[in-house]
Undergrad: 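Quick one: the structure is below, questions incoming.
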Amino acid sequence: MRVLKYRKTAKDRLTTNRHAGNVVRVKIKIRKGDTVKVLRGNDKGKEGKVLTVFPKTNRVLIEGVNIVKRHVRARSAEEQGGIIQKEAPVAVSNVMLLDPKSGAATRVRIRVDADGTRERIAVKSGDAVARPSR
């Protein structure tokens, strides 16, 4: 019987990551603590504070936006089970940062000073976007 040379062994499958190239990272200019406006989807027009940024999946979690219902089982005797409502992540492309001066949605650009410090600039007003407090 002939041995198949092209077949991958279990060792080969563990060392290679087939889907490594599928994740394309994009620079996300929205930070945790920013106030953003939703541009697309069922919650279009809503504004909220960014709770978490997920750079690998290009998504952000916004307070009070994209509320979903989840069925939760009680894990212990004193814990309550049932249907809870919580926020689900939204794609970064569907939200826009709010301008600190006018409160309108604006794009963001990065300005690098001569000493190398980077700051975010609101395109509409040209003002610097304050770093959100943690």
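Because only heavy atoms are used, hydrogens play no part in the values below, and waters and symmetry mates are left out as well, while side chains stay in.
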Undergrad: Hydrophobic clustering (ILVMFWY, side-chain heavy atoms < 4.5 Å, transitive) - are Val108 and Val38 grouped together?
TA: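 Looking at the clustering, Val108 is in the same group as Val38.
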
Undergrad: Look at the side chain of Arg120 and the backbone N and O of Lys29, then say whether any donor-acceptor pair between them is shorter than 3.5 Å.
TA: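 Side chain of Arg120 to backbone of Lys29: a pair is present.
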
Undergrad: Would you find more than 12 non-hydrogen atoms of other residues, nucleotides or ligands less than 6.0 Å from Glu79 atom CD?
TA: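 Correct, the count exceeds 12.
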
Undergrad: To check you understand the geometry: which heavy-atom pair defines the closest contact between Pro100 and Ala128, and what is its length?
TA: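 Closest pair (atom of Pro100, atom of Ala128, distance): CG-O, 3.9 Å.
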
Undergrad: Determine whether a donor-acceptor pair (N or O, by modelled atom type, separation under 3.5 Å) exists between the side chain of Glu87 and the backbone of Asn66.
TA: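 No, the answer is negative, given that no donor and acceptor are paired below the 3.5 Å cut-off.
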
Undergrad: Once rounded to the nearest 0.5 Å, what's the spacing between atom NZ of Lys44 and atom NZ of Lys37?
TA: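 With rounding to 0.5 Å, NZ (Lys44) is 9.5 Å from NZ (Lys37).
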
Undergrad: Which heavy atom of Ile67 sits nearest to which heavy atom of Gln85, and what is that distance?
TA: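 Closest heavy-atom pair between Ile67 and Gln85: CG2-CB, 3.8 Å.
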
Undergrad: State the CD1-CG distance between Ile30 and Asn58, to the nearest 0.5 angstrom.
TA: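 Separation between the atoms: 10.5 Å.
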
Undergrad: Which atom names give the shortest non-hydrogen contact between Leu97 and Val36, and what distance separates them?
TA: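 So the minimum-distance heavy-atom pair works out to CA-CG1, 4.1 Å.
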
Undergrad: Can any side-chain N or O of Thr106 pair as donor or acceptor with the backbone N or O of Lys124 at less than 3.5 Å?
TA: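 Yes, the answer is positive, given that a donor and an acceptor are paired below the 3.5 Å cut-off.
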
Undergrad: Is there a continuous path of hydrophobic side-chain contacts, each under 4.5 Å between heavy atoms, that joins Leu98 to Val53?
TA: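 Per the 4.5 Å side-chain linkage, Leu98 and Val53 are not co-clustered.
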
Undergrad: Would you check if the side chain of Asp99 reaches a backbone N or O of Ala104 as a donor-acceptor pair within less than 3.5 Å?
TA: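 Flag not set: sc Asp99 to bb Ala104 has no pair under 3.5 Å.
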
Undergrad: Could you give the distance from CG (Asp34) to CG (Leu51), rounded to the nearest 0.5 Å?
TA: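 Output value for this atom pair is 11.5 Å.
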
Undergrad: Please report the shortest heavy-atom distance between Val92 and Arg59, naming the atom on each side.
TA: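 It is CG2-N, 3.8 Å.
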
Undergrad: If you count every heavy atom of other residues, nucleotides or ligands that lies below 6.0 Å from Lys46 atom NZ, does the total exceed 12?
TA: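 Enclosed: over 12 neighbouring heavy atoms sit under 6.0 Å from NZ of Lys46.
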
Undergrad: How about Asp113: does its CG atom have over 12 heavy atoms from other parts shown lying under 6.0 Å from it?
TA: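 Count over threshold, so yes.
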
Undergrad: At what distance, to the nearest 0.5 angstrom, does NZ of Lys69 lie from CD1 of Ile84?
TA: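 So the gap between those two atoms works out to 12.0 Å.
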
Undergrad: Verify the cluster assignment for Met96 and Val90: are they in a single hydrophobic cluster under the rule of side-chain heavy atoms below 4.5 Å apart?
TA: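 No: no chain of side-chain contacts under 4.5 Å links Met96 to Val90.
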
Undergrad: Look at the side-chain heavy atoms of Ile, Leu, Val, Met, Phe, Trp and Tyr, link any pair under 4.5 Å apart, and say whether Leu61 and Val95 land in one connected group.
TA: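 Looking at the clustering, Val95 is in a separate group from Leu61.
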
Undergrad: How close do Phe54 and Ile28 get, heavy atom to heavy atom, and via which atoms?
TA: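 Taking Phe54 first and Ile28 second, the nearest heavy atoms are O-CD1, 4.2 Å.
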
